Protein chains: 2
Amino acid sequence: MTGQQDMNAKDLRRGSSSEAVELPEGERPTLKTIAFMAGLGVTTVSRALKDAPEIGRATKNRVQLIAKQIGYRPNRAGVRLRTGKTNVISLVLNAQSEIMGLTSNMVYGISEILSQTPYHLTVTPYSAENDPMQPIRYIVETGSADGIIMSRTEPDDARVRYLTEHGIPFATHGRTEMGIEHPFHDFDNEAFAYKSARSLLIKGRKKIAMMAGPTSAVTYHRHLERGFSRAIEEGGAQAILVPDIDVDTSLGRIRDRTEEIMSGQNRPDGIVCCSGSAAIALVAGIEAAGLKIGRDVDLVSKQSSDVLKWFRPEIIVFNEDVRHAGRELARAVLRRIEGVDARELQSLSYPDE
Amino acid sequence: MTGQQDMNAKDLRRGSSSEAVELPEGERPTLKTIAFMAGLGVTTVSRALKDAPEIGRATKNRVQLIAKQIGYRPNRAGVRLRTGKTNVISLVLNAQSEIMGLTSNMVYGISEILSQTPYHLTVTPYSAENDPMQPIRYIVETGSADGIIMSRTEPDDARVRYLTEHGIPFATHGRTEMGIEHPFHDFDNEAFAYKSARSLLIKGRKKIAMMAGPTSAVTYHRHLERGFSRAIEEGGAQAILVPDIDVDTSLGRIRDRTEEIMSGQNRPDGIVCCSGSAAIALVAGIEAAGLKIGRDVDLVSKQSSDVLKWFRPEIIVFNEDVRHAGRELARAVLRRIEGVDARELQSLSYPDE
DNA sequence: TCCCAAATCTGAAACGTTACAGGTAGGCTA
DNA sequence: TAGCCTACCTGTAACGTTTCAGATTTGGGA
């Protein structure tokens, strides 16, 4: 009864004030729309929708029902302006380093998780010429995301330091070595390199080379080297160093350089490669040198799509599930935003044959 | 002089009113900050920053200088709330159809253009199980983007119709056939199929098959068929139909099916393929059937990364520059948002050997 | 001298949301 | 009966921007 009277009183009050509230408006419904329909104040509606304790059970149910019925969705700009919360996760990527499907799978993995939340995903690539800090600084200065996911993590990563200092939630694809605990997901490249080298040793290969990550700059390069060296030492084999090409090198250059090396004196009889597309260029170089995979040399590669599986001649392949990495990273930033301790948001995935 | 006096008067007035404006605030500068510094009203500052005609030259210069000095950037939420303009372009993608680097290159191409504008890029993948309309509807209903870029365009595309009716700017990767003029960028798949088939005919191939786009659903499938048929007819060759596999088929299935076909009676001696990764699976199938590329059968493929260039055995390759497509599409939506006529925003790119 | 127009500038209101600081009604205690 | 607590609800202000409807000043013409 009282409620009903209130509502009428309110209608009148509203109607007489400047703007008349038309109910079946073609516009998007707002809190005001619901408030009018329910005969309540917008404050109450706002609280009812987020299950605040000071609102009665019955009212909550009624408000939530109306909201669902008319398809209410909070206006992001309103929320963002008022609270500063953007509901955006930003993926910061290096535009150069595209290891066959890496970016796409990462994006899809992240989206899988975000699609069940109010979060949107924005993608911010930066080119190699630019400072990797630039997009990060932009996001922080303009407050354009609640959390950041980034790759190409370095042992001493300026971005990690900066974001930690500013208290911005983030997760990295790859680990750091700077004594700062932060959320990450990493593929166990040490295990991959170890297993890869082992599989070559088992085939009787004795002079083994590795095509690693962007030299030393990126942390996983160190992991690869660690696993690789361990296997080499254990197997009493010889490591052949090829420091002048890495995953970032153009495929043409990789092919040419491989041909050179494979035509040289001390050529490897086994190669560990950590990128699917580079592997294809390697094969081209090897064959250009007149050698045959499986006979003169064996090749093990990591891949992040399943293309290499069908590649002939046969390459031993370990899979890195980047989509899974995307899911893990998304989950990690979200939970970090919720305040979960960074140490609980660190995960590793293992090479899968 | 007068200016100076005004400023003092204003400072005083402000200072005495409720909120004291502290200058060296650690917060992000807003219009109010500039207004205070310049001794002007926020309205004037807002107008001065966008070169409105009713503001004096001197004032504009002064305001713009201050803005630059203190690194002012408009608050997106404020603008969005007030004007409804999001400064967001949304890329809507099918998560399944990853034709080797397509997504990444598209994203990078778009970003290249957007990075010089106030626009951000959000990515919204949808899975094959879901209705392709769903993300589109979401964007329109929540007003979460000023423009949309989408791929997998169909001859009669519900999304195109919906967006056109709602007056939302968009650009498609691929053409429609529904009599609606809209911005698009397309790779000339007809020319590609024609040239590809021609190159096989020139090698003396007479029974030619094609691995086309997702059957008939997507427009470019028709273009491929048109170009293909034309070449076949002109060359008096025989087209071998393989309707049960297409680019969306899993690589494993493509390989197996290819082996079947190539082991059969009426096997093709030339194949046109429109996806790089599918080509690799094709080769696997061909070799599994005991045949040799270059001797028993020739293969022409489209590719969107340069991986196939180094693939052995040698495949004839035409390049589709998806990054360029991304740039074109981004430019198209932006100009469409500015109100440019759709017919001026339609472009085609040609196969490049 | 007065009036008008042009050139500049102005405050208030509004977009949709949440936080703050209450307000009211009803029931319970003393 | 008074006083107080609890449960529930409320209006106002604020986030930063742009739009609206003026306000003020200046210069010039009559």
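When reading the values below, keep in mind they use all heavy atoms of this one structure, side chains included, and skip hydrogens, waters and symmetry mates. A, B, ... follow the sequence lines: proteins, then strands. Residue 1 opens every chain. Predicted model only: the values in this text are computed from it and were never measured.
Rounded to a whole Å, the CZ atom of B/Arg80 is 12 Å from the C1' atom of C/dG16. One atom, CD of A/Glu54, and another, C1' of D/dC5, lie 16 Å apart when rounded to the nearest Å. Distance CZ (A/Phe36) to C1' (D/dC9): 19 Å, rounded to an integer number of Å. As a whole-Å value, the separation of B/Leu49 CG from D/dT19 P is 14 Å. Spacing between atom CG of A/Asp51 and atom C1' of D/dC8 amounts to 15 Å, rounded to whole angstrom units. Computed from coordinates, the B/Arg57 CZ to C/dA7 C1' distance equals 14 Å when rounded to whole Å. For the pair B/Leu31 CG and C/dG11 P, the computed distance is 13 Å after rounding to whole Å. Atom CG in B/Leu40 sits about 17 Å away from atom P in D/dT24, given to the nearest Å.
Taking only distance into account, the side chain of B/Arg47 meets the base of C/dT10 through a donor-acceptor pair shorter than 3.5 Å.
Using a 4.0 Å heavy-atom distance criterion, B/Lys85 is classed as making no nucleic acid contact. When heavy atoms are screened at a 4.0 angstrom cut-off, A/Lys60 is found touching no nucleic acid atom at all. B/Ile55 comes within contact range of the sugar-phosphate backbone alone, with a heavy-atom separation under 4.0 Å but no base atom that close. Within the 4.0 angstrom heavy-atom criterion, base atoms lie near B/Ser46.
Contact check for A/Ile136 versus A/Phe170: no side-chain heavy atoms found under the 4.5 Å cut-off.
Proximity of B/Thr43 to the phosphate of C/dT10: no side-chain N or O atom is located under 4.0 Å from OP1 or OP2. Dashed line: the shortest gap from a side-chain N or O of A/Thr44 to OP1 or OP2 of D/dT10 is under 4.0 Å. When the side-chain nitrogen and oxygen atoms of B/Thr83 are compared with OP1 and OP2 of C/dC15, none of them lie within a distance under 4.0 Å.
In this structure, B/His324 and B/His185 have perpendicular ring planes: the angle between them is above 60°, well past the 30° mark.
Taking both residues in full, the closest heavy atoms of B/Ser347 and B/Glu328 are given as OG-OE1, 3.3 Å, listed atom of the first, atom of the second, then distance. When all heavy atoms of B/Ala330 and B/Ile113 are compared, the closest pair comes out as CB-CB, 3.7 Å.
Remark: B/Tyr72, B/Pro74, B/Asn75, B/Gly78 in residues 66-78 of chain B come within less than 4.0 Å of DNA chain D through at least one heavy atom.
Under a 4.0 Å N-O distance rule, the pair A/Glu181/A/Arg343 does not qualify as a salt bridge.
Rounded to 10 degrees, the angle between the two end axes of the helix from C/dT1-D/dA30 to C/dA30-D/dT1 is 70°, with five pairs used at each end.
When only modelled atom types and interatomic distance are considered, B/Thr124 and B/Tyr138 share no side-chain donor-acceptor pair under 3.5 Å. No donor-acceptor contact under 3.5 angstrom links the side chains of B/His182 and B/Thr164, judged on distance only.
Across C/dA19, D/dG16, D/dC9, the shortest atom-to-atom separation from the side chain of A/Arg82 is found for C/dA19.
Taking CZ from A/Arg159 and CD1 from A/Ile168, the interatomic distance works out to 15.0 Å, rounded to the nearest 0.5 Å. Atom NE2 of residue B/His166 and atom CD of residue B/Glu141 lie 7.5 Å apart, to the nearest 0.5 angstrom. The line from CG of A/Asn75 to OG1 of A/Thr30 is 8.5 Å long, rounded to the nearest 0.5 Å.
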